[in-house]
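Presented below is the structure to which this report refers.
All of these numbers come straight from a predicted model, not from anything done at the bench.
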Amino acid sequence: RRGLWQWLRRRVLESADLVIAISDYTAAMVRALAPSAHVVAIPLAVDHETFVPGDRAAAREKWGVNHQRILCSVSRIHAYKGYETVLKALAALPPQERAQITYLVAGKGPDLELLKQRACELGVDRQARWLGFVPDADLPDLYRAADLFVLATQERADEQSVEGFGLVFLEA
């Protein structure tokens, strides 16, 4: 069945007049699957009037993180997004430093409960705040509240999981 899907994808990609990819990385993936496909990369962009620096103090107050160092991640919650890498890095910090950090995680997804459990196992459940879905209108303030945006995505070829282009990096 997998071979049929690969053949079908290749056939569709190669018969299209044009395949538009969201990044050079994604275009290369298309070319690897369908060498004769006509593919171009047109990078994504964000609304430059929405995602701008703003009132950091107000943003921190909104999210209730006035006196901490803030890490922030925004995405669907999948293991390949690298959340566990961030949790392990937090766990490796000396307790006094770890106590000064809050990790705001915005998003929903199939690995949310697993990652919450992993945060408990690593002893960083007090640092991680799982925000769930955050509406687009609230994202600029979430980014403003953060000292560091982090998304440590990993390519997992065996699962066919990869971040083709992380729009959140541009937003942040």
Once you round to the nearest 0.5 Å, how far does [atom1] of [X] lie from [atom2] of [Y]?
| X | Y | atom1 | atom2 | answer |
| --- | --- | --- | --- | --- |
| Arg11 | Leu4 | CZ | CG | 13.0 Å |
| Leu93 | Gln100 | CG | CD | 10.0 Å |
| Leu148 | Ile101 | CG | CD1 | 9.5 Å |
| Ser73 | Phe149 | OG | CZ | 5.5 Å |
| Ile42 | Thr26 | CD1 | OG1 | 12.5 Å |

What residues, two or more places apart in sequence or in another chain, satisfy salt bridge (Lys or Arg N to Asp or Glu O under 4.0 Å) together with Asp138? Lys62
Residues forming a salt bridge (Lys or Arg N to Asp or Glu O under 4.0 Å) with Arg56, sequence neighbours excluded: Asp147
Using every non-hydrogen atom in the two residues, find where [X] and [Y] come nearest and quote the distance to one decimal.
| X | Y | result |
| --- | --- | --- |
| His48 | Val52 | O-CG1, 2.8 Å |
| Leu122 | Ala91 | O-CB, 3.6 Å |
| Leu44 | Leu170 | O-CD1, 3.5 Å |
| Ala45 | Leu167 | O-CD1, 3.7 Å |
| Val74 | Tyr83 | C-OH, 4.1 Å |

Audit row: Leu151, Ser75, side-chain contact (heavy atoms from CB on, under 4.5 Å) steps and yes/no: CA-CA 8 Å; Leu151 196 60; Ser75 77; 3.8 Å; yes
Evaluation steps, side-chain contact (heavy atoms from CB on, under 4.5 Å), between Thr102 and Arg69: CA-CA 6 Å; Thr102 298; Arg69 293 183 188 151; over 6 Å; no
In the structure I gave you, are the side-chain heavy atoms of Leu104 and Leu71 within less than 4.5 Å of one another anywhere? no
Flag side-chain contact, heavy atom, 4.5 Å: Arg60 against Ile70: yes
After noting the C-alpha distance and the side-chain angles of Val150 and Cys72, does the key distance pass the side-chain contact (heavy atoms from CB on, under 4.5 Å) rule? CA-CA 6 Å; Val150 60; Cys72 170; over 6 Å; no
Throw together a table of side-chain donor-acceptor distances under 3.5 angstrom for residues 126-136, partners on residues two or more places apart or in other chains.
from, atom 1, to, atom 2, distance (Å)
Gln127, NE2, Arg98, O, 3.3
Arg129, NH1, Trp63, O, 2.8
Arg129, NH2, Trp63, O, 3.1

N/O donor to acceptor pairs below 3.5 angstrom from side-chain atoms of residues 29-41, sequence neighbours left out:
from, atom 1, to, atom 2, distance (Å)
Arg31, NH2, Val39, O, 3.2
Ser36, OG, Glu14, OE2, 3.2
His38, ND1, Asp17, O, 3.2

Can you give each donor-acceptor pair under 3.5 Å made by side-chain atoms of residues 107-117, sequence neighbours left out, with the distance rounded to 0.1 Å?
from, atom 1, to, atom 2, distance (Å)
Asp111, OD2, Ala79, N, 2.6
Gln117, NE2, Glu121, OE2, 3.1

Residues Tyr143, Val168; criterion side-chain contact (heavy atoms from CB on, under 4.5 Å); working and verdict: CA-CA 10 Å; Tyr143 295 129; Val168 292; 3.6 Å; yes
Using side chain to side chain contact (heavy atoms under 4.5 Å, CB included) as the criterion, list what pairs up with Ala152, not counting sequence neighbours. Thr85
Side-chain heavy atoms under 4.5 angstrom apart, residues restricted to Ile, Leu, Val, Met, Phe, Trp, Tyr: same cluster for Ile22 and Ile20? no
